[in-house]
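Basis for what follows: all heavy atoms, side chains included, without hydrogens, waters or symmetry-related copies. Residue numbers run from 1 in the order of the sequence given.
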Amino acid sequence: MNKTGKFLGIILMLLLGILLLSFAFQPPKVFTFLNGYSDRIVCGLVGGFLLLAGVMNIFHREK
C-alpha cells in the first residue's frame, strides 16, 4: 500500500473512533437508536478499538 492510502486510512480510523466515543458519552438527539445503554456501550467499545488500531498503525514499522 502506498503512503497516501495508509495515511488516509489511519486518519479515517482515528476520526471514526473519536466520533463513536463521543456518541457513547453524549449521543445526539437525531439518533434515537442510541437511547439504550447497550447501544452506547457497543459504540464505546468499537470506538475504543478503532482508536487503538489507529494509534498502533501509526507506530507500526514495515519490514
Side-chain angles (χ1 to χ4, degrees):
M1 180 184 291
N2 58 7
K3 291 202 181 264
T4 306
K6 184 178 177 182
F7 181 72
L8 286 176
I10 290 171
I11 294 297
L12 286 174
M13 207 181 303
L14 290 173
L15 287 176
L16 189 60
I18 292 170
L19 183 73
L20 284 174
L21 276 179
S22 68
F23 283 175
F25 290 114
Q26 292 180 346
K29 302 290 183 204
V30 177
F31 299 126
T32 58
F33 58 89
L34 289 177
N35 289 337
Y37 287 112
S38 62
D39 298 327
R40 292 172 72 177
I41 290 171
V42 170
C43 277
L45 288 174
V46 172
F49 174 75
L50 285 174
L51 278 176
L52 180 66
V55 169
M56 287 178 67
N57 280 336
I58 289 173
F59 296 110
H60 180 72
R61 292 183 181 246
E62 296 289 330
K63 287 187 178 182

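Taking each heavy atom of K6 and H60 in turn, the nearest pair found is NZ-O, 4.0 Å.
Other members of the hydrophobic cluster containing I41, listed by chain and number, are L45; membership follows side-chain contacts under 4.5 Å among ILVMFWY residues, whether direct or relayed. Cluster partners of M56, by chain and number: L52. The rule joins Ile, Leu, Val, Met, Phe, Trp and Tyr whenever side-chain heavy atoms lie under 4.5 Å apart.
Take N57 and apply the side chain to side chain contact (heavy atoms under 4.5 Å, CB included) test, not counting sequence neighbours, and it matches I10, M13.
I58 and I11 are not part of a single hydrophobic cluster, where members link through side-chain heavy atoms under 4.5 Å apart.
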Would you mind writing out the side-chain donor-acceptor pairs for residues 14-23 within the sub-3.5 Å range, not counting sequence neighbours?
from: S22; atom 1: OG; to: I18; atom 2: O; distance (Å): 3.4
from: S22; atom 1: OG; to: L19; atom 2: O; distance (Å): 2.7

